[in-house]
Protein chains: 4
Amino acid sequence: MTEEIRQTEPVDYRTRIGQERRQRTYDRLVEAGTMVFADRGVNGTVIDHVVRRAGVSRGTFYNYFDTIDDVLVAAKRALAREIVSLIFEAIDEDLPPAERLAYGVKAFVELARAHPLFLEFTARIGRHAYGFGQVLDEVAPCFVRDSIMAGDFCPMPEEMVTDLLEVGTLALLRRIVAGEDVDVPAFVAAILRMLGVAQEEATRIAALPVVCPVVPSEALLAQSNAAWIKSH
Amino acid sequence: MTEEIRQTEPVDYRTRIGQERRQRTYDRLVEAGTMVFADRGVNGTVIDHVVRRAGVSRGTFYNYFDTIDDVLVAAKRALAREIVSLIFEAIDEDLPPAERLAYGVKAFVELARAHPLFLEFTARIGRHAYGFGQVLDEVAPCFVRDSIMAGDFCPMPEEMVTDLLEVGTLALLRRIVAGEDVDVPAFVAAILRMLGVAQEEATRIAALPVVCPVVPSEALLAQSNAAWIKSH
Amino acid sequence: MTEEIRQTEPVDYRTRIGQERRQRTYDRLVEAGTMVFADRGVNGTVIDHVVRRAGVSRGTFYNYFDTIDDVLVAAKRALAREIVSLIFEAIDEDLPPAERLAYGVKAFVELARAHPLFLEFTARIGRHAYGFGQVLDEVAPCFVRDSIMAGDFCPMPEEMVTDLLEVGTLALLRRIVAGEDVDVPAFVAAILRMLGVAQEEATRIAALPVVCPVVPSEALLAQSNAAWIKSH
Amino acid sequence: MTEEIRQTEPVDYRTRIGQERRQRTYDRLVEAGTMVFADRGVNGTVIDHVVRRAGVSRGTFYNYFDTIDDVLVAAKRALAREIVSLIFEAIDEDLPPAERLAYGVKAFVELARAHPLFLEFTARIGRHAYGFGQVLDEVAPCFVRDSIMAGDFCPMPEEMVTDLLEVGTLALLRRIVAGEDVDVPAFVAAILRMLGVAQEEATRIAALPVVCPVVPSEALLAQSNAAWIKSH
DNA sequence: TATGAATGAGTGTTCATTCAT
DNA sequence: AATGAATGAACACTCATTCAT
């Protein structure tokens with residue numbers, strides 16, 4: 001038995017080391033991908049850009065991904081998870097739905113403003129965007145449906161809400177990237193009105209303050225943003 | 001005088017023939033481009049696809065365009081002009097702004113539904129879309145601004161209105177293309193609420209009937225749609 | 001007989017008009033070619049450049065030339081004839097050979113300096129150069145051989161003289177085009193020494209003054225130079 | 001310690017193998033380029049010719065060069081270094097400048113005669129030639145200037161000497177390629193006279209014998225010449 | 001004879017993918 | 001697992017040449 005353990009232990013060790021190394025390489029590729037997509041957009045990015053930025057060889061890429069789009073998907077997922085959970089941790093669950101939604105949107109924009117890499121990345125991925133509806137439903141299942149049924153939002157198809165939320169926010173970020181002044185509260189108010197919130201109430205909620213969520217330094221968002229800044 | 005005419009006639013004739021041929025080829029390229037973009041999207045389309053579809057040689061392409069994107073731009077412009085003018089001709093100018101807007105949006109969607117090529121094309125060009133704000137302002141200058149100042153829409157940045165209108169409509173069309181059932185009145189109502197129209201009023205207006213504009217058979221929209229259908 | 005003349009006269013007239021027109025178009029092509037070759041070098045010039053500069057159509061080109069190189073050849077010949085005969089008219093035939101040669105070389109350089117188009121053209125045609133030996137022998141047959149036999153130049157192969165004269169002058173012009181200061185008398189002296197003239201005598205002859213030949217305004221050189229200047 | 005070596009060896013091995021393969025491919029491309037330029041001249045050579053001759057794929061070319069001209073430059077440099085060092089090793093440094101120069105020129109011509117590929121290549125690259133002045137100055141810095149200041153050559157601009165040397169030699173090689181009989185001593189004598197050497201002395205020096213330098217069989221010159229011969 | 005639209009072979013360049021080491 | 005040289009299909013673009021008008 002001891003023998004067995006002794007025999008397997010080195011294997012486990014090697015396996016663990018191998019897996020860690022594998023994870024590290026994977027992370028480097030995703031991080032590099034995030035930065036390159038932010039720099040060159042979805043269609044301007046090729047495998048070579050990513051592997052060079054990640055400091056690995058071409059061949060290694062194919063040990064982790066099949067196509068460049070897979071990197072985009074992985075980066076989108078990783079970022080979306082991080083960000084959405086950061087935001088949801090910051091939202092007071094006792095607030096009414098409209099206020100929670102408003103808080104989430106504004107926190108998202110603040111996060112983007114605070115992380116130019118993320119801003120660029122999001123503005124550039126265009127129609128390949130995060131699939132906000134899905135992510136939203138992962139973290140806060142049935143939020144939209146429940147709110148509609150509870151009468152907080154007026155009746156409308158769920159996916160229409162998430163669609164408008166997603167593409168509207170994207171359009172907003174694109175204007176920010178373009179250097180224009182954007183009126184975020186006006187945007188939030190418009191979304192709330194669309195959801196059936198009365199004009200004055202919408203304006204009031206849209207004006208409520210948010211605090212930008214704190215991003216842990218080991219997060220992909222923080223790491224890649226820092227590396228990206230350094231290279232610009 | 002007769003002499004003059006006799007001398008100039010052959011020149012005019014040759015010139016006219018040449019110009020007509022040139023125009024025909026140009027039209028074929030734009031029409032082919034529209035179809036290919038509808039089939040393969042913006043990034044999947046290459047010059048070769050277009051010239052093959054148009055039945056002209058590679059070299060001919062470069063007598064008319066520099067890049068494939070120029071074809072996209074030309075197609076967008078041609079379609080946008082046709083469609084917007086068709087729709088605006090159909091709108092009763094005496095209606096209040098909210099009803100005119102609702103009518104326009106619904107007519108646009110109907111037109112798209114009736115012309116699968118146009119639907120695909122529009123859904124696929126994505127963020128390269130028509131620049132609705134601009135086109136809207138060409139045909140109905142200051143419509144949004146005036147409506148806001150007149151108190152018909154609630155105050156918000158002009159470009160935010162056109163942004164949401166454009167990207168929202170695009171998202172809607174993408175769902176139609178995907179074969180989903182979409183609730184156009186619900187969409188229109190959402191847009192109207194966003195603009196400050198009260199819930200009941202928005203619902204009422206969104207439910208008003210539209211007649212799909214008649215498309216003249218020589219229009220690019222009709223021609224290319226017919227050809228496209230035939231090839232599918 | 002009168003009848004005959006009357007009948008043929010109009011024909012002659014038309015023929016003459018036709019030939020004149022043909023000559024005019026030909027001249028325009030050669031002139032345009034000269035300018036384009038000066039602008040873009042031998043390998044950078046394509047038929048389109050020439051026809052556009054000449055203001056004629058592509059098809060017309062093929063009524064006069066088969067290839068773009070034929071234009072180069074025609075331009076070279078026309079310019080070489082003009083220039084060499086201008087220079088030879090200016091040379092005092094009673095001078096000893098060394099002085100005549102020195103005068104010719106210096107006049108050639110002066111002519112080039114005074115006509116930037118010609119300078120550029122000559123510097124850019126490179127190894128396709130004028131075939132100076134041949135042109136020289138056209139205008140002054142056996143000049144080199146006679147001078148050698150008379151003991152004015154020391155014995156050496158004739159074509160070696162013209163080779164060194166041609167490529168040396170070309171190298172000189174290239175330095176002028178590059179904006180460098182060149183010492184023309186030093187060059188002439190070097191050529192004369194190469195021909196066997198003693199050092200002091202060579203220096204003396206190389207320092208003799210020349211007057212730049214007058215170029216008639218209807219010459220290709222003058223015409224194309226003027227047009228070229230205007231377009232730069 | 002043994003451990004260390006064992007760990008690094010495989011890396012070194014892989015690296016070495018890779019570098020060797022890389023070097024081999026590079027050499028094949030340069031060698032192929034040399035042969036194709038000799039066959040078709042500078043302007044008649046395209047990337048496809050080179051890769052086909054080298055037996056590699058189109059894509060491989062771009063792993064080593066950006067343009068076809070880069071191959072020309074590489075070939076010129078490689079040949080020039082080989083040849084010039086061969087010649088300079090053969091020259092007795094104790095001889096007076098005029099004799100050393102004469103020896104160099106004659107050895108160069110002999111080398112060209114003995115290597116038809118090199119002869120063709122040199123004659124065809126024309127004005128893109130070796131930049132003899134530069135190469136000369138690399139190997140024998142200030143040779144011309146020092147000789148002038150020492151009174152061995154008569155005063156004249158340095159670059160005029162190298163210009164005439166280069167273009168004169170090139171013209172000579174072109175005649176050899178054309179199958180004409182050329183009088184190399186006469187050429188050398190002409191160059192020497194140009195430099196101020198007296199006629200008799202020039203003739204004497206130009207007549208001194210040279211031994212054609214021995215080319216090691218692994219040299220680019222030898223390798224590519226052999227391959228080229230075999231294919232003609 | 002002049003025109004210029006149309007042609008298509010030729011060439012340069014990119015980039016995903018494979019594979020021997 | 002990692003490397004990176006090699007590959008070749010795909011694509012962009014040029015330009016000499018033809019031919020109907």
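A note on names: the letters A, B, ... follow the listed sequences, proteins ahead of strands, and every chain is numbered from 1.
- Remark on DNA chain E: of its neighbouring residues A/Thr67 and B/Arg22, the 5'-side contact belongs to B/Arg22, judged by nearest-heavy-atom nucleotide.
- Contacts of B/Phe65 with the nucleic acid, taken as non-hydrogen atoms under 4.0 Å apart, are absent.
- Residue C/Asn43 holds its CG atom at 10.5 Å from CZ of C/Arg124, rounded to the nearest 0.5 Å.
- By the 30° and 60° cut-offs, the orientation of the rings of C/Tyr26 relative to C/Phe65 is parallel.
- Across all strands shown, the partner of E/dA2 is F/dT21, judged by Watson-Crick or G-U wobble contacts whose two distances both fall under 3.5 Å.
- Residue D/Asp69 contributes atom CG, which lies 10 Å from atom P of E/dT13 at whole-angstrom precision.
- Within the nucleic acid shown, A/Thr25 comes within 4.0 Å of sugar-phosphate atoms alone, with no base atom in reach, counting heavy atoms only.
- At a cut-off of 3.5 Å, with distance as the only test, a side-chain donor of B/Asp70 or B/Thr67 sits close to an acceptor on the other residue.
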Legend entry - side-chain contact (heavy atoms from CB on, under 4.5 Å) assessment of A/Thr45 paired with A/Val50: CA-CA 8 Å; A/Thr45 297; A/Val50 176; 4.0 Å; yes
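- In this entry F/dC11 has E/dG12 as its Watson-Crick or G-U wobble partner, both defining distances falling under 3.5 Å.
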Legend entry - Contact state string [nucleotides 7-12 of chain E, B base, S sugar-phosphate only, - no protein heavy atom under 4.0 Å]: BBB-SB
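- The CZ atom of A/Arg52 sits 10 Å away from the P atom of E/dC15 (whole-angstrom rounding).
- Atom-to-atom, CD of B/Glu20 to P of F/dT21 comes out at 13 Å; the value is rounded to the nearest Å.
- In this structure, C/Arg40 atom CZ and F/dT14 atom C1' are separated by 13 Å, rounded to whole Å.
- Rounding to the nearest 0.5 Å places CG of B/Leu117 at 9.0 Å from CD of B/Glu31.
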Legend entry - Stepwise side-chain contact (heavy atoms from CB on, under 4.5 Å) test for D/Ile68 and D/Val46: CA-CA 7 Å; D/Ile68 190 71; D/Val46 298; over 6 Å; no
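- Rounded to whole Å, atom C1' of F/dT7 lies 11 Å from atom CZ of D/Arg21.
- One distance of note links CZ of C/Phe121 with CE of C/Met35; it measures 11.5 Å at 0.5 Å rounding.
- Contacts between residues 26-35 of chain D and DNA chain F, defined by a heavy-atom separation below 4.0 Å, involve no residue at all.
- If you take OH of D/Tyr64 and P of E/dT13, they are 18 Å apart, rounded to a whole angstrom.
- Screening C/Asp39, C/Asp48, C/Thr34 for a side-chain hydrogen bond (donor to acceptor under 3.5 Å, both in side chains) with C/Arg53, the sole residue that qualifies is C/Asp39.
- The OG1 atom of D/Thr60 sits 9.5 Å away from the CZ atom of D/Arg28 when rounded to the nearest 0.5 Å.
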